[in-house]
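A quick write-up on the structure given underneath.
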Amino acid sequence: MPELLEVAIRVVVIVGAFLLLPLIVGQMEHKAMAHMQSRLGPMYAGGFHGWAQLIADGVKFMQKEDVIPAAADRAVFKLAPAVALVPYLVVLVVIPVGPGLAGVDLDAGIFFVLAVMGVGVLGSIMAGWSSGNKYSVLGGMRSAAQLMSYELPLVLAASSVAMAAGTLSLQGIVEAWEPWWLAWQAIGAVVFFVAGLAELRRPPFDMPIAESEIIMGPMTEYTGIRFALFMLTEYAGIVVLSALTTVLYLGGWQGPLLPGPVWTLIKIFALAFVVIWVRVSFPRMREDQLQRLAWVGLVPLALVQLALTGVVKVL
């Protein structure tokens, strides 16, 4: 196959997955929350099992007026949703779904992923600052503080897996994975997943955008399609977090009988369901509880996992 054609196919597949998978997760969240919390509305849109709920939401956002506050920095205000969304598209490029099935196999793929994911917070800061709204600015600062707090345990947990596999390549980590890692790296898996939820500002870690606390944080002044892009960012983040957890801790495409990419997707959607389940099950944390969990809870656990990995590798 000509190199240019291969690159074009990879780009089309990655962009298609980026556009489709978050929508599937969004639809799954509607249905799961409807069953868990007896929400009748999402079960009736369009008839059978509320199949048109996501379409109705899309039409709603398209019909809303695109309002830009008079005091806003218009250029930054318009750019912020894209800055928040694009990093997750870039991350998908290096996540393998099967043997040799990745947009790019980087030797330092795990650090590339963590670095790019950290860029997303700039979108929140830009949105809050450019809105000309003091509450939006405060929400943006809260988002930045939350990301900085949970970035450390996230990186430490991922470093433990890289140490265990002896490589920074995501493809190499999956190839080195063994079933007994489920117990050996269990602490790191929990730390990574919880820290990832906090970085996505998913409940119960949604203080910066909690309607009962500070309106919608940096997104307060956004309407229509621009607001929908922030919602898409959240669901894209769920897909990326689930995919990374699958690759690092659950063996990626490894599994019996079924093809590798099918196993990868099964694990991704199972973890996405856990994200939704956590949202429904746990109350929102206070800001002090959120910071305490990061520094007093997750960071020590991540260091314990790192030390355990070092001991096992030496012995």
Side-chain angles (χ1 to χ4, degrees), residues 29 76 80-81 83-88 91 113-131 133-159 188-222 227 229-242 244-245 271-272 274-276 278-303:
E29 181 168 61
V76 178
V83 173
L85 179 61
V86 168
Y88 293 113
V91 167
V113 164
L114 295 174
V116 172
M117 287 179 64
V119 174
V121 72
L122 293 177
S124 295
I125 296 175
M126 290 169 62
W129 176 82
S130 65
S131 295
N133 181 325
K134 60 184 179 182
Y135 296 108
S136 296
V137 174
L138 183 57
M141 293 302 102
R142 281 187 171 187
S143 296
Q146 186 165 317
L147 181 135
M148 287 188 290
S149 297
Y150 283 88
E151 190 73 14
L152 181 58
L154 191 79
V155 171
L156 289 175
S159 299
V190 172
V191 170
F192 185 88
F193 194 70
V194 172
L197 286 180
E199 290 209 351
L200 294 177
R201 299 169 305 182
R202 287 283 302 183
F205 307 102
D206 60 338
M207 283 292 294
I209 58 173
E211 295 175 348
S212 63
E213 298 291 332
I214 192 168
I215 321 178
M216 281 295 287
M219 298 180 287
T220 299
E221 301 291 352
Y222 282 86
F227 184 84
L229 287 177
F230 278 113
M231 294 294 99
L232 181 61
T233 298
E234 181 178 334
Y235 291 120
I238 294 174
V239 172
V240 168
L241 173 63
S242 301
L244 285 176
T245 306
L271 289 172
V274 173
V275 173
I276 298 167
V278 168
R279 172 179 179 171
V280 174
S281 302
F282 293 96
R284 179 176 298 124
M285 302 178 72
R286 298 195 313 266
E287 191 69 26
D288 62 309
Q289 293 173 328
L290 186 146
Q291 296 293 339
R292 187 180 300 113
L293 175 64
W295 295 105
V296 179
L298 297 187
V299 170
L301 285 176
L303 291 174

Notebook entry, point to check: Sub-3.5 Å donor-acceptor pair from the side chain of Tyr88 to the main-chain atoms of Val239, do we have one?
Noted result: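 No, Tyr88 side chain to Val239 backbone: no donor-acceptor pair under 3.5 Å.
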
Checklist line | Residue pairs, two or more places apart or on separate chains, that pass salt bridge (Lys or Arg N to Asp or Glu O under 4.0 Å) and touch residues 288-298 | finding: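 Only Arg286-Asp288, Asp288-Arg292 qualify under salt bridge (Lys or Arg N to Asp or Glu O under 4.0 Å).
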
For [X] against [Y], the heavy-atom pair lying closest together:
X: Ser124; Y: Arg201; value: OG-NH1, 2.9 Å
X: Val191; Y: Ala157; value: CG1-CB, 4.2 Å
X: Leu114; Y: Glu151; value: O-OE2, 3.6 Å
X: Ser131; Y: Pro218; value: OG-O, 4.1 Å
X: Val121; Y: Gly118; value: CG1-O, 3.3 Å
X: Asn133; Y: Glu221; value: ND2-OE2, 2.6 Å

Flag side-chain contact, heavy atom, 4.5 Å: [X] against [Y]:
X: Met117; Y: Val113; result: yes
X: Phe282; Y: Pro203; result: no
X: Leu197; Y: Tyr150; result: no
X: Ile125; Y: Met141; result: yes

Run the side-chain donor-acceptor check on residues 229-237: report pairs under 3.5 Å with partners two or more places apart or on a different chain.
from   : atom 1 : to     : atom 2 : distance (Å)
Thr233 : OG1    : Leu229 : O      : 2.8
Glu234 : OE2    : Arg202 : NH1    : 2.5
Tyr235 : OH     : Glu29  : OE1    : 2.5

Notebook entry, point to check: Who pairs with Val194 by side-chain contact (heavy atoms from CB on, under 4.5 Å), at least two apart in sequence or on another chain?
Noted result: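 Counting only residues at least two positions away or on another chain, Val194 forms a side-chain contact (heavy atoms from CB on, under 4.5 Å) with Val190, Phe205, Leu293, Leu298.
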
